[in-house]
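Presented below is the structure to which this report refers.
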Number of protein chains: 2
Amino acid sequence: MARVTPQRTPLGSGTPTLDEVARVAGVSRATASRAINGGQRVSARAQSAVDLAVRELGYVPNPAARSLVTRRTDSIAVVVPEPDDRVFSDPFFAGTLRGVNRVLAERDIQLVLLLARPGASTARTLRYLTNRHVDGALVTSHHRDDRLAEHLADIGLPCVFGGRPWTGGDRVAYVDTDNTGGEREATELLIARGCARIGTIAGPTDMTAAEDRLAGWRQAMAAAGLSADAVEHGDFTERSGEAAARALMERHPDLDGLVVASDLMAVGALRVLAEMGRRIPDDIAVVGYDDLGVAERTAPPLTTVRQPVDEMAERATRLLLERVDGVDGSHPVRLIIPPTLVRRVSA
Amino acid sequence: MARVTPQRTPLGSGTPTLDEVARVAGVSRATASRAINGGQRVSARAQSAVDLAVRELGYVPNPAARSLVTRRTDSIAVVVPEPDDRVFSDPFFAGTLRGVNRVLAERDIQLVLLLARPGASTARTLRYLTNRHVDGALVTSHHRDDRLAEHLADIGLPCVFGGRPWTGGDRVAYVDTDNTGGEREATELLIARGCARIGTIAGPTDMTAAEDRLAGWRQAMAAAGLSADAVEHGDFTERSGEAAARALMERHPDLDGLVVASDLMAVGALRVLAEMGRRIPDDIAVVGYDDLGVAERTAPPLTTVRQPVDEMAERATRLLLERVDGVDGSHPVRLIIPPTLVRRVSA
DNA sequence: CCCATTTGTGGAAGCGCTCCCAAGCACTTG
DNA sequence: CAAGTGCTTGGGAGCGCTTCCACAAATGGG
């Protein structure tokens, strides 16, 4: 890590320091510091003198100096081990970021976005976290191979996972939704409406949420005594949903029900089904997963399983902040938020 | 800003410091520091001793301490004065983040995402930047009212804007694309193919990109002697495109050409036109703007103006890093990247 | 009215790091 | 052989801040 141009500015000239505030306010640096940080054990007189000086000088504390001694950075990382377009275009990500941001805004904590390309830069990400550049980490969209959970547990950085990690789930806290139950319920809906040949478009095999949903589909199918052989995998994108639907319908033209592990993939599937002239839901009923905006705008509107992403993100963030504050040692809490089936037209 | 639980860990126990590295390597702290930071003026012997000690101890430098003296944080902020879903679901944002990240990855600089709700938290954002928590700022998607450009120029933080700011454009650097020229060209295409009644769905009136595109449309219309009265505004979302198209077609049912200021809005417009039974491009030709993935998947594929978002973001980031490195004082550079017309089916 | 408490204050000691500077050293060179 | 040259090296100062600690001043109870 070659550093560049030190450019050691004198600074005595520009930015005011705590010393100057103290001098202007006519108190010691210690008192000024106390007054600025919550004002415990500070007389009203001193407090207002400091306040005035701060305003007058336009003083802002130097975060590096502060965090050097407090050992806090007042920022947390959101780790996304997947910087492809996929992440950004997925409303799941948007919702997560929104939820996180809402909580952080309350407390004046900043968000550092760590986009780690799988493989190469995982090391970099890990180094950054090990450095304690941030007070904690929120990991989202992790895959089987990045052993992030274990690594983070090893370095002892407060962290919370969005979604159950593959391994190390017993060592880190995570917030998840009942993917299995949700998809089971979705499948049961199709069964209840009389579908007999139900296929599924599952998500990537290296993500727990996808595998859990697939398991839910399997459970419902087994319970109804239906054969669970019509499975195709996508990667949660619309395009992959198209491809999967095409493959599925080719192998199983008799399908009258389709359980899709994400709304985006369902959009692709709907398009393919429309092309093939299948009427929905009469010829084939379709149910998606997510309900993050797209489901209500498809043709026809998509019956789907809603996961409360905002809430999950919010809960995860609060959990993380608690651990950062040291409220709870490092007990690996897990929080499961229930999904809800949302009925529209497609099933 | 009340701080929480100081939890002053002794640290002498846990994380190794430079002192310990120096002791283990049998050199002074100064030499150890030099060895770690690029190894200028360090003998091979000392260098390898330090390297060994670092590895052995698992030493990672404390970023706060380092940045306290170097006055650098090795991180930059991406400021998004608009944390709505809009930002996230817009491929423009995704492309920007991708471009930025690509450049930062080369240099081990981190990305702090500053989502500022318009109004309230702008102050917070500004404070964060004033604090010099980051070495520089990249501002994207700014609106007329956040006087971010002036503020940033005032506090003297290195910054680059993505898109020309409303005011203060003479005080800050920015990277933009020729929105006016791009939309003019798009309009000329419609005129060339024989359209005589051309309407436009413009973007929000408080964004320069949107206004520039509208100006381009006007220029082309004026040059062709056509009346430029069929204008409707959206906010770059699909939904607003729908509404605008509906309104436009109601007021001007005779339209045979439509210039839309974003592909997302064009998607909405296409849907409305299809509902109305208009054939595209025969009854009405449509041209979009962006070409960031959606245009090639519409029905029919959308003729559009491509803005090279990735490149713009990359250039902007490089420009920012130059200013952070102090290569260029604060000369308000501006960089204009040309758009290109991409012909598909819709026009 | 004195002593025990509470409350407010400032001095000073660092937090871990970088970097200036002067000194040390092994060589050249005149 | 003395003086100059270039490269390494470590001492030490200091970045701006928080917080421990000791002390002074105010308060209150017996």
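Throughout, protein chains are lettered first and strands after them, A, B, ... in sequence-line order, and every chain is numbered starting at 1.
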Any B:Thr31 side-chain nitrogen or oxygen under 4.0 Å from OP1 or OP2 of D:dT9: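 Answer no for this pair, as no side-chain N or O of B:Thr31 is under 4.0 Å from OP1 or OP2.
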C:dC15 phosphate, OP1 or OP2, under 4.0 Å from B:Asn62 side-chain N/O: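 So the side-chain polar atoms of B:Asn62 never come under 4.0 Å of the phosphate oxygens OP1 or OP2 of C:dC15.
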[options]: which one has an atom nearest the side-chain heavy atoms of [X]?
| X | options | answer |
| --- | --- | --- |
| B:Thr70 | C:dT18, C:dC17, D:dG12 | C:dT18 |
| A:Arg66 | C:dC17, D:dC17, C:dT9 | D:dC17 |
| B:Val69 | C:dT18, D:dC17, C:dT9 | C:dT18 |
| B:Val27 | D:dG10, C:dT18, C:dC15 | D:dG10 |
| B:Ser43 | C:dC17, D:dT8, C:dC15 | D:dT8 |

Heavy-atom pair with the smallest gap, counting every atom of A:Arg71 and A:Asp135: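 Residues A:Arg71 and A:Asp135, closest heavy atoms: O-OD1, 4.5 Å.
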Any donor-acceptor N/O pair under 3.5 Å between C:dG10 base and A:Arg34 side chain: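 Yes, the side chain and the base share a sub-3.5 Å donor-acceptor pair.
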Side-chain-base donor-acceptor pair under 3.5 Å for A:Arg45 and C:dG8: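 Counting by modelled atom types and ignoring angles, no donor-acceptor contact under 3.5 Å is found here.
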Most 5' of A:Arg29 and A:Ala44 on DNA chain C, judged by nearest nucleotide: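 On the 5' side of the pair lies A:Ala44.
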Contacts of B:Thr317 that satisfy side-chain hydrogen bond (donor to acceptor under 3.5 Å, both in side chains) - sequence neighbours left out: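 In terms of side-chain hydrogen bond (donor to acceptor under 3.5 Å, both in side chains), with neighbours along the sequence ignored, B:Thr317 is linked to no residue.
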Atom-pair distance ([atom1] on [X]; [atom2] on [N]), nearest Å:
| X | N | atom1 | atom2 | value |
| --- | --- | --- | --- | --- |
| B:Glu20 | C:dC15 | CD | C1' | 14 Å |
| A:Arg71 | D:dT19 | CZ | P | 12 Å |
| B:Leu68 | C:dC17 | CG | P | 12 Å |
| A:Arg23 | C:dG11 | CZ | C1' | 16 Å |
| A:Arg41 | D:dA24 | CZ | C1' | 14 Å |
| A:Gln47 | C:dG8 | CD | C1' | 12 Å |
| B:Asp19 | D:dG11 | CG | C1' | 13 Å |

Qualifying residues under side chain to side chain contact (heavy atoms under 4.5 Å, CB included), relative to A:Ser75, sequence neighbours excluded: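 Partners of A:Ser75 under the side chain to side chain contact (heavy atoms under 4.5 Å, CB included) test: A:Thr73, A:Gln110, A:Val112, A:Val134.
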Note: B:Arg318-B:Glu322 ion pair, threshold 4.0 Å (strictly below):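 Looking at B:Arg318 and B:Glu322, the cut-off is not met.
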Pairing of A:Arg66 and A:Asp74 as salt bridge, 4.0 angstrom limit: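 Looking at A:Asp74 together with A:Arg66, the answer is no, because their closest N to O distance does not fall below 4.0 Å.
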Residue mapping more 5' on DNA chain D - nearest nucleotide basis, B:Ala46 or A:Leu18: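 Result of the comparison: B:Ala46.
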